There are 2 protein chains.
Amino acid sequence: MPQENSQTSAKRPKITRGQVIAAVDTLGQGIANGTYPQGSTLAIEQELAASLGVGRNALREAVKVLSGKGLISTAPRSGTKIRPMSDWNMLDPDVLRWHADPETASPEFMLDLIELRQIIEPRAAALAAERATKADLAEILAAYEDMANTEADKQEHLEADIRFHTAVLKASHNRVLSHFRYAISTYLRAHVKLGKEQSKSINNDDLERHHKIAWAIASGQSKTAYQLTEEMLQTNRLHFKEEA
Amino acid sequence: MPQENSQTSAKRPKITRGQVIAAVDTLGQGIANGTYPQGSTLAIEQELAASLGVGRNALREAVKVLSGKGLISTAPRSGTKIRPMSDWNMLDPDVLRWHADPETASPEFMLDLIELRQIIEPRAAALAAERATKADLAEILAAYEDMANTEADKQEHLEADIRFHTAVLKASHNRVLSHFRYAISTYLRAHVKLGKEQSKSINNDDLERHHKIAWAIASGQSKTAYQLTEEMLQTNRLHFKEEA
DNA sequence: GTTTACATTTAATGTGATTAATGATAATTT
DNA sequence: AAATTATCATTAATCACATTAAATGTAAAC
């Protein structure tokens with residue numbers, strides 16, 4: 001349910017129902033951005049914690065969800081504590097979203113995400129070139145078309161970009177690999193929100209590269225797909241680094 | 001808390017306290033192995049669901065945790081349903097553990113995990129060769145020593161093996177990459193539980209390879225570390241395939 | 001003086017019941 | 001026939017109470 005929210009949060013600023021998921025989101029964000037520092041204890045029982053505007057029981061359910069994501073540990077008498085960052089499930093969609101919040105995200109984490117992309121996506125593209133079905137190809141090509149047609153609208157262009165990379169991952173036909181769509185979309189969203197205004201020429205190069213990648217996958221050239229994806233991410237990284 | 005349990009579950013068969021985490025585990029396993037088929041609705045309100053031996057409130061918290069892991073969706077009137085497998089967070093430690101349960105795990109999923117290892121680990125080893133600190137190296141070498149000294153005890157050998165790969169990932173100094181330790185340890189545990197008895201010569205080769213990898217990382221030879229890790233996983237895969 | 005044993009205390013966990021909101025289905029009306 | 005309304009089953013949320021378990025402090029014993 002939380003990641004359901006992560007998709008629609010942009011369109012639904014107000015959450016009328018679902019106190020517990022609101023509490024999960026607020027607490028998760030607070031933990032990620034350091035409002036609740038690591039090692040500190042949260043006084044659940046106190047009404048203070050219920051200052052989130054939810055009842056005690058809803059808060060408890062929220063704490064349980066966050067425990068499941070590794071953000072919190074609970075033990076009698078010692079209280080509910082914030083666990084050290086090395087313990088949270090960085091691959092959880094929600095944790096990724098909170099931790100990559102443009103307001104507070106550390107540049108190091110962004111670089112970690114780029115590194116992950118550089119490792120995952122070229123191989124995923126190569127696998128896609130070997131295994132993509134016609135339906136997969138249709139999705140990839142449709143996403144590319146959307147990218148080409150939405151160069152004016154930044155938001156729409158971003159969504160199409162995410163669709164493109166998601167479709168490639170899906171075409172790899174590896175159930176685990178496909179789940180990196182969350183990490184990638186989180187990175188892309190944070191990237192644009194950080195105001196990385198790219199020049200028109202760079203954008204054109206980027207679009208051109210996506211076209212070549214789609215073509216390589218469609219024609220089954222796995223090695224080419226690998227190399228093109230690697231190049232795309234390399235320039236992406238350089239571009240990020242020189243600004244950071 | 002759940003992944004805390006995943007570590008100690010072998011040593012603590014009985015869970016005296018923590019009804020909700022017991023419910024999470026039981027339900028999670030049940031969903032993963034198909035006891036509760038995808039798309040089916042769970043009757044929470046009914047005492048039937050409380051046949052797990054826990055109260056309604058604990059069950060509700062368990063449902064929330066599983067929602068957070070993408071296994072379940074809840075909506076008024078339509079009920080709480082099991083989401084399609086493509087929606088679960090396959091990278092969550094608990095979900096991995098449930099889904100890779102040797103009793104019911106599909107061979108395809110095991111192959112997906114090997115494929116993931118082939119993508120991640122060589123690059124992680126290469127990064128470790130570039131970035132490992134002395135403390136990291138000490139951990140890797142200690143894990144190797146443990147592997148060499150526990151060839152008699154299969155269980156201890158497995159734990160040392162897991163420590164080795166975890167240490168390499170940690171030495172990559174990428175906060176996201178490090179979290180693949182769960183996927184890798186899950187795979188390794190499932191692999192040995194599936195009764196993949198390896199001949200003594202293969203085991204010796206494997207140990208020898210770990211030694212070479214540790215040496216390559218210690219001496220900063222990233223390319224060698226990459227290739228050796230790739231080879232190790234390649235033979236691993238072949239070995240798995242010929243039995244599957 | 002140090003350690004062990006026990007009782008106390010405090011916060012989390014578990015249970016049950018009740019009320020409110022939500023959304024899908026069915027029925028009614030235009 | 002389409003649209004609006006009414007109904008009803010189910011989740012969501014909160015309250016109040018009982019239980020459990022661990023940390024602290026006190027006292028006794030070595």
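Every chain is numbered from 1 and lettered A, B, ... according to where its sequence line falls, protein lines coming before strand lines. Bear in mind the structure is a predicted one, so any value in this text is a computation, not a measurement.
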- Query: Which listed nucleotide (D:dA13, C:dG14, C:dG16) is nearest to the side chain of B:V20?
  - Reply: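 Of all the options, the side chain of B:V20 is nearest to C:dG14.
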- Any idea which of D:dT14, C:dT13, C:dT15 is nearest the A:N57 side chain?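 Shortest atom-to-atom distance from the side chain points to D:dT14.
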- For A:R123, check salt bridge (charged side-chain N to carboxylate O under 4.0 Å, His left out) against everything at least two apart and list the hits.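 Expected list: none.
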Calculate the interatomic distance between [X] atom [atom1] and [N] atom [atom2]; express it in whole Å.
X: B:R60; N: D:dA12; atom1: CZ; atom2: C1'; result: 6 Å
X: B:Q19; N: C:dA12; atom1: CD; atom2: P; result: 18 Å
X: B:I72; N: D:dT10; atom1: CD1; atom2: P; result: 17 Å
X: B:L59; N: D:dT11; atom1: CG; atom2: P; result: 11 Å
X: B:E61; N: C:dG14; atom1: CD; atom2: P; result: 7 Å
X: A:I21; N: D:dT11; atom1: CD1; atom2: P; result: 17 Å
X: A:L66; N: C:dA12; atom1: CG; atom2: P; result: 15 Å
X: B:K64; N: D:dA12; atom1: NZ; atom2: P; result: 5 Å

- Task: Ignoring hydrogens and angles, state whether a donor on the side chain of A:S172 or A:N174 is under 3.5 Å from an acceptor on the partner side chain.
- Result: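 No.
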- Query: What is the distance from atom CE of B:M90 to atom CZ of B:F109, rounded to the nearest 0.5 Å?
  - Reply: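 Those atoms lie 5.0 Å apart.
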- Message: Measuring to OP1 and OP2 of C:dT13, would you say a side-chain N or O of A:T74 lies under 4.0 angstrom away?
- Response: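 Checking A:T74 against C:dT13: at least one side-chain N or O falls below 4.0 Å of OP1 or OP2.
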- Task: Please work out which of the three classes, parallel, tilted or perpendicular, describes the rings of B:Y187 and B:H191, given edges at 30° and 60°.
- Result: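 Parallel, since the angle between the ring planes stays under 30°.
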